[in-house]
Amino acid sequence: MALPVQLALVSEGVNISPSDITRVAAALSKQVMNDFEPIWKVSATVDPFVKLEDVPVDAWPVIVMKNVQGAAGYHEDKNGQPFAVVEFSDQWSLTASHETLEMLADPFGRRLRAGYVPEQAIHLGLPQRRVRYLVEVCDASESAQFAYQVGGILVSDFYTPHFFDPVKSSDRKYSFTGAIDSPRQVLDGGYVSWLDPVTKHWYQVRMFPDQFSTAVPHVVDLSQKTSFEKFRNQTNLRAAIDRVTKPPLYRAGLSTMALAVAQTKTDSTAEAQQARAQELRDAVAAYMDSPAKPARAASKTKRGRG
Amino acid sequence: MPKKSAAQRKRAQDLRKQIGTLSAAAQDPNPVDDPNMEPGESPKEYVERRMRELDQVKKPKPKVKKK
């Protein structure tokens, strides 16, 4: 039996209602249990907490904050245990889902998996070669346009282990939603990172314009063009990657129509939940008013302690 | 309700301190995230500036002569 993982969703310094934290935690828990675990074989719960002091000492926190700047993303505490920092925004559930799933697939930010160089990079002139990818299950399809909903809450798409397959097969799924439809494909707004064993440099293919190029896609030599190697000496691979990678906001990928559809789904879920809550209140009220319920005083005496 | 343990409170304190350090580093007027950033420039401003510069150096498309 594997040791189950407990993640703690908690806000810090930002006014998120306990109701919202609870709803998002429930959605993430369901996403992990129903969607992620059957594919990646990782068992975990995501529990809501009102403040950091409430978080069990062995839980891995996902902390929602404002103005996090370069602190956003994955980190390790002084005992080497993982935690994530999520920037509060109107799509914070999507970011929280992203960090949750990546922490579960690679808890210590250094898991590598072999595969061929992405086709998109080969078309740009890179040699066909066997390289080592950093396992970041949400980055290739991180844009909000590829997100889906669980219980009316927006959550991130993620790739499957088949993402690293050498060739495409029609009976395989490369990401949960199917948005990625071939191995090592990077979608609009996304990126993947790999180590080239020949040059010993780290690279990324980026499907968004940035300070290095406005062409999409383009490849960035992280070891040469950024401070990546400096950060790598201070922290783990994923944290170093997070420091030098600044993709566009998730919202930029969500078109007006897609946003409207997402909002309609959220509204209809909220309506159903409200109706259910009222149904439960009515059922409890009916039970309390019922003359048929057992006498509570008699049963207390029988069970009484001391 | 059981009280929160001293260990939980201590861990919360340590996490806040660590996040504070990370955020402060990111707001450093002499940033180290990218060696090409100018002092006082935020990462967002830097990316926008570079993209404008890249657009300006794009070569114009050659004109196709009509037969």
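Computed over heavy atoms, backbone and side chain alike; hydrogens, waters and symmetry mates excluded. Predicted model only: the values in this text are computed from it and were never measured. Numbered from 1 within each chain, the chains take letters A, B, ... in sequence-line order.
Residues B:I19 and A:F83 are in side-chain contact: their nearest non-hydrogen atoms beyond the backbone lie under 4.5 Å apart. Taking 4.5 Å as the limit, every side-chain heavy atom of A:V55 sits out of range of all side-chain heavy atoms of B:Q8. Looking at A:Q211 and B:Y46, their side chains come closer than 4.5 Å, going by heavy atoms from C-beta outward. Residues A:D210 and B:R50 fail the side-chain proximity criterion, which asks for heavy atoms closer than 4.5 Å.
Considering CG of A:D54 and CZ of B:R9, their distance stands at 11.0 Å, rounded to 0.5 Å.
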Checklist line | From CA spacing to verdict: side chain to side chain contact (heavy atoms under 4.5 Å, CB included), A:D77, B:R11 | finding: CA-CA 9 Å; A:D77 68 17; B:R11 189 181 183 219; 4.1 Å; yes
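A salt bridge links A:E53 with B:R16: at least one charged nitrogen is closer than 4.0 Å to a carboxylate oxygen.
Considering all non-hydrogen atoms of both residues, B:M51 and A:T214 come closest at O-CG2, 4.0 Å.
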